[in-house]
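We use all heavy atoms of the structure for the numbers below, so side chains are in, but hydrogens, waters and symmetry mates are not. In the text below, chain A, chain B and the rest are named by the order of the sequence lines, each starting its count at 1.
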Protein chains: 2
Amino acid sequence: MFDFPMYLELRHLRTLQAIRATGSLAAAAARLHVTQSALSHQIKALEQRFDTALFFRQSRPLRLSPAGGLLADLAERLLPEVAVVEQRLADMALGRQGRLHIAIECHSCFQWLLPTMDRYREDWPGVEMDLSLGFSFHPLPALVRGEIDLVVTSDPDPDLRGIHYEPLFRHEVLLAMHIGSPLARKAWLAPQDLAAATLITYPVCRSRLDVFARFLEPAGVEPAAVRTSELTVMIIQLVVSRRGVAALPSWALDEYRDQGQLIARPLGRGGLWSPLYAAVREASREAPFIEAFLGLARAVTAERLSGIEPLGA
Amino acid sequence: MFDFPMYLELRHLRTLQAIRATGSLAAAAARLHVTQSALSHQIKALEQRFDTALFFRQSRPLRLSPAGGLLADLAERLLPEVAVVEQRLADMALGRQGRLHIAIECHSCFQWLLPTMDRYREDWPGVEMDLSLGFSFHPLPALVRGEIDLVVTSDPDPDLRGIHYEPLFRHEVLLAMHIGSPLARKAWLAPQDLAAATLITYPVCRSRLDVFARFLEPAGVEPAAVRTSELTVMIIQLVVSRRGVAALPSWALDEYRDQGQLIARPLGRGGLWSPLYAAVREASREAPFIEAFLGLARAVTAERLSGIEPLGA
DNA sequence: ACATGAATATGAAAATAATTCATGTTATTT
DNA sequence: AAATAACATGAATTATTTTCATATTCATGT
C-alpha cells in the first residue's frame, strides 16, 4: 500500500504518546484533533515500516506492545524538549530572548560599556551576553556572518549590506600631555605642533585612529616618534611621566585629569570630534532586546560621560 | 504562501543538522538526497512558522542564527536518540531483542524455570526478562492484553483467540505421604482412598488442581479435610510430620524422597498425568527469542526432571 | 450463541504538504 | 566586471496524510 517512504516523525511520536495516555485510538484522535482513521493509517504505516506490531488489538483498552512502548517512551523524552525549544523560539521571535555578543573596536569604551551591560543584564535576564575585543580581527564582517550581534565602532563601512549603524554620541578627542609640556601653553593644537612630539597610541592600524586619519595625515604631518600601548592606564602613565602625548576621548581622561599632572587640549581650532556607532544587523535592529540595549547605552553614556554630545533617536 | 500548518518535524531537525554540519544548503541537500530547492523551501516555511531567521544569508559559508543554532542543537540531542530506538525496533523485528515477561500458574515450576532463565539470559542478553506469580490474578487474559509474554500453565483456555499453547512435557502427579501411612501399602491409590485423608494443596481454586479436577471430583469423593500452603517445602514438611498427604509433580518430590521419610504413589491405576504448556501470543510465537526460550525449557526439563515425558516439537 | 454498541480497520477520494524543475537573485572569485 | 557558485522563488508535480464512508472486530448483556 505505502510503497516505501515513512520516516519516523514527531507526528508519530505525538500519536503514540496520545494513544498510551488515552488508551484508545478514538480518544487519542480527538486529543490530536484528527480522525480516528488518520491514526489507524498512521499506525499501520509505522507497523509496516518497523515490521512489528505497536499494540495488541484483541484487547481493550488498547495496550502498547513492547515496540509501541519503546516509541511512546521516546515520545515522552523528546516531546518535552521540543516544546521547550519551540517556546524559546517564540520568545526569540518576540525579542524577549536573544543573544547579544558584543565586540568593541574602541579601547576606552569599557568605561561606559561595562556599566551598561551590568544594568542591562538585570532587565533582560533571558539575553545571553558576551563581549569580545575587536582589535585583532575585523568585527564588522563577523557581524555580517552572525558571529557577533553588535559592534561598537567609530568608522562605519557603508559597503556592508544589511548592517545598520546606530549613532550613539559624538565625543571630543583631546590631546593629553604633561602639565609642564610646552604644548600646554596653547589653547588648541595645530597638526604641526605634534611634529616634534612622541605620540602614544593604541596598537591598531593608523586608519582607525582619528588623530592620524583626520588630523595629522590630512596636514601631511608625521610625529617625531610613535609608540603604542594596549591599555589606557598605561598610556596615561607614559604621558604623566613625560614620555609623550596621546589623543584620547575626553571622557577617558576624566578620572586622571584632576590629579594635577595631566592637561588636555583640543586638536584643531574647533576640536576633533568623533562619532561612535553601534552596528547591528538590519534583521535584528528592531528586536526589543536590541533596542533596549541601545537605549540604555545612550542613557548611561549621557549620564556618566562628560564632553559628549548625544546622537540619534 | 503556506497558510498555517507546519509542525516542527524530525525532517526539519535533520535539515538543520545537515546545514550546520556542511555549511551550505547545497551540500546539506546532497547529504539528505534531496534538491537544494527542497531545503530552501523547508527553511522558508520554518522561518515563517517561527517568525525568525534561521541563518544569515549575506555570508558564505552559511552561518546559523541563534534561532537556527537552537534547532540544530535540538537536532544534535534528539536524532541520536531516535536512531537508537530505530535500531532497537529493527532488532525487535528480527527477534534478536524483546521482552519476556513470564507468569507461572504452577507453584512447583520454579525448580526448572529458574535454571532455564539463568541459562537463557546468557545467550539472549538483549531480552528483558521478568517473572511474576500468576496465583492471585489470571495470567492468560494478561497475556492477551500484552502485559506478559509467556504463561506456564497446565490448563489451556481454548476460547482465547490469538494464544498459542506450546506443549512442554507431561508429568505424573503423585500422592506424597509419610512412609508409615497405611496408604503407602497400596501400589496405587483409588479416589476413595483419600476420603479419610487430610489433603494438603496450594491455595488455589480446585478447578486448577488436578487431584480435584481429574481425580477426586469425577469420582465424587471429598477428602476428610483440606488445608493449604503456599510453599512446596512447607507442604513437604506437613506430609513428613504426618499431618496429611499431598499431590505433587513427581519431580517436585525428587529432592525429598530419598530422605527416607517420604513415599509417593500413583493416583489411579495408570497414574495421573498432566501436561504443561507455555502459552504465548500467536504474534510472538515465531520470534527467535521466544522459540529459543521454548527450546531451552524443553532441554532443561528433559535433563533435570525425572518422570516426565517430553511433548511437542 | 446472538444481538448490540463501541472501537478499530480499510479503500478510495480529497486535501495537504513536500519536492522538483526551471529560472531568477545574490554572493564570491578571478 | 565577468564568471561562477550558491541560494531563492513560483509553478507544476509528486507524495503523503487526512477524511469519508463503510466494513470488521471486540466486549457485553441476554
Side-chain angles (χ1 to χ4, degrees), chain A residues 1-15 18-19 22-49 53-65 68 141 144-146 159-163 282-283, chain B residues 1-15 18-19 22-49 53-65 68 141 144-146 158-163 282:
Chain A
M1 180 187 183
F2 293 93
D3 236 3
F4 218 56
M6 179 82 300
Y7 280 81
L8 185 64
E9 290 294 350
L10 291 179
R11 170 163 17 91
H12 303 125
L13 297 186
R14 298 187 231 271
T15 296
I19 290 176
T22 62
S24 100
L25 276 202
R31 170 192 284 214
L32 298 172
H33 308 296
V34 294
T35 60
Q36 167 270 321
S37 174
L39 298 197
S40 183
H41 283 294
Q42 226 176 74
I43 293 292
K44 184 180 174 183
L46 281 176
E47 293 187 326
Q48 294 191 191
R49 160 76 171 74
L54 259 28
F55 57 80
F56 301 106
R57 284 108 210 288
Q58 41 273 63
S59 95
R60 265 193 285 257
L62 238 47
R63 292 192 63 86
L64 295 181
S65 72
V144 172
R145 288 197 300 273
D159 288 350
L160 292 173
R161 259 146 313 170
I163 298 299
E282 290 285 5
Chain B
M1 180 186 183
F2 293 93
D3 237 3
F4 218 55
M6 179 81 300
Y7 280 82
L8 185 64
E9 290 292 352
L10 290 179
R11 171 160 17 89
H12 303 126
L13 297 186
R14 297 187 231 271
T15 297
I19 290 177
T22 62
S24 99
L25 276 202
R31 170 191 283 214
L32 298 172
H33 308 297
V34 294
T35 61
Q36 167 270 319
S37 174
L39 297 197
S40 184
H41 283 295
Q42 224 176 77
I43 294 291
K44 184 179 174 183
L46 281 175
E47 293 187 327
Q48 294 191 192
R49 159 76 172 73
L54 258 28
F55 57 82
F56 301 106
R57 284 107 209 289
Q58 41 274 59
S59 96
R60 267 193 284 258
L62 239 47
R63 291 193 64 86
L64 295 182
S65 72
V144 172
R145 288 197 300 274
D159 288 350
L160 291 173
R161 261 146 312 171
I163 298 298
E282 289 285 5

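Remark: B/R57 is in phosphate contact with D/dA8, judged by side-chain N or O atoms under 4.0 Å from OP1 or OP2. B/K44 has no side-chain polar atom (N or O) that falls below the 4.0 Å cut-off from OP1 or OP2 of C/dA17. Remark: A/Q42 is not in phosphate contact with D/dT17, judged by side-chain N or O atoms under 4.0 Å from OP1 or OP2.
Side-chain atoms of A/H12 come within 3.5 Å of backbone N or O of A/E9 as a donor-acceptor pair.
When rounded to the nearest whole Å, the span between CE of B/M6 and C1' of D/dT16 equals 14 Å. For A/E9 and C/dT16, the CD to C1' distance is 15 Å, given to the nearest whole Å. In this structure, CD1 of B/I43 is placed 15 Å from C1' of C/dT19, rounded to the nearest angstrom. The nearest whole Å value for the distance from the CZ atom in A/R14 to the P atom in D/dT17 is 14 Å. What separates NE2 of B/H33 from C1' of C/dA18 is a distance of 17 Å, to the nearest Å. Rounded to whole Å, the distance from CZ on B/F55 to P on D/dC7 is 7 Å. In this structure, B/L25 places its CG atom 13 Å from C1' of C/dT26, rounding to the nearest Å. Per the geometry, CZ belonging to A/F56 stands 18 Å off C1' belonging to C/dA7, to the nearest Å.
Judged by distance alone with a 3.5 Å cut-off, no donor-acceptor contact links the side chain of A/Q36 to the base of C/dA7. Within 3.5 Å, a donor on the side chain of B/S37 pairs with an acceptor on the base of D/dT9, or the reverse. In terms of polar N and O atoms assigned as donor or acceptor, the side chain of A/H41 never comes within less than 3.5 Å of the base of D/dT16 in a complementary pairing. Between the side chain of B/S24 and the base of D/dC7, no donor-acceptor pair under 3.5 Å is found.
B/L62 comes within contact range of the sugar-phosphate backbone alone, with a heavy-atom separation under 4.0 Å but no base atom that close.
Between the CZ atom in A/F55 and the CD1 atom in A/I43 there is a gap of 5.5 Å [rounded to 0.5 Å].
Across all strands shown, the partner of C/dG5 is D/dC26, judged by Watson-Crick or G-U wobble contacts whose two distances both fall under 3.5 Å.
The side chain of A/A38 approaches D/dT19 more closely than any other nucleotide in the set D/dC7, D/dT19, C/dT8. Of all nucleotides listed (C/dA18, D/dC7, D/dT18), C/dA18 comes nearest to the side chain of B/R11.
Side-chain contact between A/L46 and A/L8: present, with at least one pair of heavy atoms (C-beta onward) separated by less than 4.5 Å. Within the 4.5 Å cutoff, no side-chain heavy atoms of A/Q48 are placed close to those of A/M6. With contacts defined as side-chain heavy-atom distances shorter than 4.5 Å, the pair A/I19/A/L25 qualifies.
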